[in-house]
Amino acid sequence: MTKKDKAIEILKILREKFGHPKCALDYNSPFELLVAVILSAQCTDVRVNIVTKTLFKVANTPEDFANMPLLEIEELVRSTGFFRNKAKNIKLCSEQLLEKYNGDIPKSMEELTKLAGVGRKTANVVRGEIWGLADGITVDTHVRRLSNLIGFVNIEDPIKIEKELMKFVPKKDWIDFSHLLILQGRDICIARRPKCDICEIKEFCNYGNKKNFNS
DNA sequence: CTCCCGATAT
DNA sequence: ATATCAGGAG
């Protein structure tokens, strides 16, 4: 079975399980999504949503953050971890958006990844969510883990993983592919304790096929 | 490569 | 106690 066939089968099974996948981060504007994704680095979406619920009542535009004292932003985002970096990046990114793009979010990958705190993963998420654009595949910690366990790749670098996945995952499925692997990663293929015994895509997974690492 | 870093599950 | 959570910058 080719990797492409495997990917298509997995997509089919996970679509039946999860339906049409959507971003788990709460937001009401492209800018709010951008901030939420910056905050989501090494932090659960559940935690990010708790923080942004309060944060966006205080500030939810580039102007708001550009004018807010850094220490105040730090306190508001503290519980997401890496809070000094994240606060600094959100403020700097807001200033960059105002200076270069009149407060709007640029569409291109190149422009997005030049913004403070915005790497390839964040840019992929924003582009896919806001405009349905995908000239890349979002590779986060879940996509990386599952791609290796399933046997799609045998590397750890997210950029290289993305390039490999793009070779055989049908382009029309790039956005859903990431969403669905992330959902399966949270639900079943948990890093600490994968529930291979009840995994719906076990038969397509190198790891789950070898042995039943259950409960 | 290292550093950033709090909350949570195990 | 320790690994892990929708990573990015220097």
Side-chain angles (χ1 to χ4, degrees), chain A residues 14 18 20-27 30-55 70-97 109-130 133-134 136-149 155-163 165 169 174-196 207 213-215:
Chain A
L14 294 183
F18 293 111
H20 184 67
K22 198 192 164 299
C23 183
L25 296 166
D26 296 332
Y27 63 96
F31 179 73
E32 284 192 2
L33 176 64
L34 179 62
V35 172
V37 181
I38 290 174
L39 291 175
S40 71
Q42 296 294 291
C43 179
T44 60
D45 283 359
V46 174
R47 170 60 50 185
V48 173
N49 287 336
I50 291 172
V51 166
T52 55
K53 187 173 182 181
T54 304
L55 178 67
L70 186 56
L71 288 175
E72 191 177 334
I73 305 177
E74 286 184 0
E75 287 315 306
L76 284 163
V77 306
R78 174 183 286 271
S79 70
T80 65
F82 299 158
F83 66 94
R84 293 188 185 87
N85 283 340
K86 289 175 181 176
K88 178 160 56 73
N89 285 331
I90 289 169
K91 187 172 175 64
L92 183 53
C93 178
S94 296
E95 292 166 355
Q96 292 169 334
L97 289 173
M109 177 67 67
E110 192 178 348
E111 290 173 301
L112 277 169
T113 51
K114 279 180 184 167
L115 296 167
V118 180
R120 194 163 172 92
K121 174 252 165 179
T122 299
N124 270 326
V125 172
V126 170
R127 285 165 52 76
E129 269 297 296
I130 301 301
L133 298 171
I137 297 177
T138 301
V139 178
D140 72 330
T141 182
H142 295 293
V143 176
R144 179 181 67 188
R145 185 177 70 260
L146 269 67
S147 293
N148 275 285
L149 290 174
I155 41 177
E156 294 298 326
D157 178 20
I159 306 289
K160 291 180 182 171
I161 293 173
E162 181 181 357
K163 272 185 111 171
L165 294 175
V169 177
W174 283 1
I175 294 176
D176 282 3
F177 181 82
S178 297
H179 275 136
L180 291 168
L181 283 198
I182 289 165
L183 289 170
Q184 185 70 1
R186 288 179 181 145
D187 184 36
I188 302 293
C189 192
I190 302 159
R192 285 180 183 272
R193 190 163 62 83
K195 304 173 182 173
C196 297
Y207 184 76
F213 259 97
N214 62 352
S215 68

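Letters go in sequence order (proteins before strands), and every chain restarts at 1.
- Rounded to whole Å, the distance from NZ on A:Lys86 to C1' on C:dC5 is 9 Å.
- Taking atom CG of A:Leu146 as the reference point, atom P of C:dA6 lies 12 Å away to the nearest angstrom.
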Pairwise N/O distances under 3.5 Å, protein to nucleotides 2-4 of chain B:
from, atom 1, to, atom 2, distance (Å)
B:dC4, O2, A:Asn85, ND2, 3.4

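- Heavy atoms of A:Thr122 sit under 4.0 angstrom from primed sugar atoms or phosphate atoms, though from no base atom.
- In this entry the distance linking CG of A:Asn124 with C1' of C:dA6 reads 12 Å, nearest Å.
- If you take atom C1' in C:dC5 and the same atom in B:dC4, they sit 15 Å apart, rounded to whole Å.
- By the salt bridge (Lys or Arg N to Asp or Glu O under 4.0 Å) test, A:Glu162 pairs with A:Arg120, sequence neighbours left out.
- The C1' atoms of C:dT2 and B:dC5 are separated by 15 Å, rounded to the nearest whole Å.
- In A:Lys22, the NZ atom is crowded: over 12 heavy atoms of neighbouring residues, nucleotides or ligands sit closer than 6.0 Å.
- Between A:Ile90 atom CD1 and C:dG8 atom P the separation is 13 Å, expressed in whole Å.
- Checked against side-chain contact (heavy atoms from CB on, under 4.5 Å), A:Glu111 has the following partners two or more places apart in sequence or in another chain: A:Tyr101, A:Pro106, A:Ser108.
- Listed by chain and residue number, A:His142 satisfy the side-chain hydrogen bond (donor to acceptor under 3.5 Å, both in side chains) test with A:Arg145 (two or more places apart in sequence, or in another chain).
- By the salt bridge (Lys or Arg N to Asp or Glu O under 4.0 Å) test, A:Arg78 is found to be paired with A:Glu75, residues two or more places apart in sequence or in another chain being considered.
- Within the 4.0 angstrom heavy-atom criterion, no nucleotide atom of any strand lies near A:Thr80.
- Scored by the salt bridge (Lys or Arg N to Asp or Glu O under 4.0 Å) test, A:Asp187 finds A:Lys17 as partners (sequence neighbours excluded).
- The distance from atom CD of A:Gln184 to atom C1' of C:dC5 is 18 Å, rounded to the nearest whole Å.
- Here the closest non-hydrogen pair linking A:Thr138 and A:Ser178 is O-OG, 2.8 Å.
- Of all the residues in residues 110-118 of chain A, not one reaches under 4.0 Å from DNA chain B with any non-hydrogen atom.
- Here C:dA6 is the nucleotide among C:dC5, B:dG6, C:dA6 with the atom lying nearest to any side-chain atom of A:Thr138.
- Here the C1' atom of nucleotide C:dG7 and the CG atom of A:Asp157 are 12 Å apart, to the nearest Å.
- Counting non-hydrogen atoms under 4.0 angstrom, A:Arg144 reaches nothing in the nucleic acid.
- With sequence neighbours left out, the side-chain hydrogen bond (donor to acceptor under 3.5 Å, both in side chains) criterion links A:Asp45 to A:Arg186.
- By the salt bridge (Lys or Arg N to Asp or Glu O under 4.0 Å) test, A:Asp176 is found to be paired with A:Arg15, residues two or more places apart in sequence or in another chain being considered.
- With both ends at atom P, the span from B:dA7 to C:dG8 equals 22 Å, rounded to whole Å.
- Counting to the nearest Å, the C1' atom of B:dG6 and the CG atom of A:Leu76 are 15 Å from each other.
- A ring-ring contact (aromatic ring centres under 6.0 Å, His included) check over residues 30-53 of chain A, counting only residues at least two apart or in different chains, returns the pairs A:Phe31-A:Phe65.
- With rounding to whole Å, A:His142 atom NE2 is found 9 Å from C:dT4 atom C1'.
- Shown for residues 37-50 of chain A: residues whose heavy atoms fall under 4.0 angstrom of DNA chain B, namely A:Gln42, A:Arg47.
- Between A:Thr141 and C:dA6 there is no side-chain polar atom (N or O) within less than 4.0 angstrom of OP1 or OP2.
- Applying the 4.0 Å criterion to OP1 and OP2 of C:dG7, one finds that A:Arg120 has every side-chain N and O outside that range.
- By the side-chain contact (heavy atoms from CB on, under 4.5 Å) test, A:Ala134 pairs with A:Trp174, A:Ile175, sequence neighbours left out.
- Residues A:Leu33 and A:Cys23 come closest through the heavy atom pair CD1-SG, 4.1 Å.
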